[in-house]
Amino acid sequence: MVTLAQRIEELRTAKGLSRPALAAALGFPRTAIEKFETGRQTPTQDQQNKLASYFGVSLFYLRGETNDTTQMSDWMDGAFLDEPAPAPAPKRAVKPAASSGGEGGTMFDAFLTSKKFQEALRTAVLDTLRTPEGQEILAKAIRKELTNRQK
């Protein structure tokens, strides 16, 4: 199994960066990367998130827990699917509410389709999935899906 320290060094060297250059790029103290790579210090959760984001890998990959570099955000976007995404379901007709002030839907419909709301919801889901409870839910869902595929 690959350690977090080994993975950081592997990703850094693959990008051709020096330890101080990587530390500077991430806003870490100058000697932080050296400490991480030698195992003298473990990056905080925030530092791990910055490292994973910078290298475009999942936290699981960064920590050496998997060899799959897929990020959770890729899962949310469906990037892991081999088959094309299903066509969206046809929208149901919605009667405009008297108080909506607009055509074709309610204020709530407009709120749900706003980019700002969708981004906030996506961020909340990703933050939840990063918690231990979220990781357990995700692991159960993956086990269930793998079991269903084997049938």
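Bear in mind the structure is a predicted one, so any value in this text is a computation, not a measurement.
- Heavy-atom neighbours of R30 CZ from other residues, nucleotides or ligands within 6.0 Å: at or below the threshold of 12.
- Considering only residues two or more places apart in sequence or on other chains, T13 meets the side-chain hydrogen bond (donor to acceptor under 3.5 Å, both in side chains) condition with none of them.
- Minimum interatomic distance between Q6 and T3 (heavy atoms only, all atoms of both residues): OE1-N, 2.9 Å.
- Using a 4.0 Å cut-off between charged side-chain N and carboxylate O, R143 and E136 make a salt bridge.
- One finds the CG atom of L4 at 12.0 Å from the CD atom of E9 (value rounded to the nearest 0.5 Å).
- R7 and E10 are joined by a salt bridge, as a carboxylate oxygen and a charged side-chain nitrogen come within less than 4.0 angstrom of each other.
- Rounding to the nearest 0.5 Å places OG1 of T42 at 8.0 Å from CD of Q48.
- Looking only at distances, a side-chain donor or acceptor of T131 sits under 3.5 Å from a matching main-chain atom of T128.
- Formation of a donor-acceptor pair under 3.5 Å by the S53 side chain with backbone atoms of N49 is not found in this model.
- Note on residues 52-62: no pairs pass salt bridge (charged side-chain N to carboxylate O under 4.0 Å, His left out), not counting sequence neighbours.
- Side-chain contact between L59 and Q45 is present, with heavy atoms from C-beta onward closer than 4.5 Å.
- Between P43 and L62 there is no side-chain heavy-atom pair separated by less than 4.5 Å.
- To the nearest 0.5 angstrom, R130 atom CZ is 11.5 Å from L138 atom CG.
- A pairwise comparison of heavy atoms in Y54 and L26 identifies CB-CD2, 3.6 Å as the closest pair.
- Note that CD1 of I142 is 11.5 Å distant from OG1 of T147, once rounded to the nearest 0.5 Å.
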Sequence neighbours left out, cut at 3.5 Å: what donor-acceptor pairs do the side chains of residues 14-24 make with other protein atoms?
from : atom 1 : to  : atom 2 : distance (Å)
S18  : OG     : A21 : N      : 3.1
R19  : NE     : E37 : OE1    : 2.7
R19  : NH2    : E37 : OE1    : 3.1

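- Two different hydrophobic clusters hold F36 and V2 under the rule that ILVMFWY side chains link at heavy-atom gaps under 4.5 Å.
- Contact detail for A5 and G39: the closest heavy-atom pair is CB-N, 4.3 Å.
- Taking CZ of F28 as the start and OG1 of T44 as the end, the distance is 7.0 Å to the nearest 0.5 Å.
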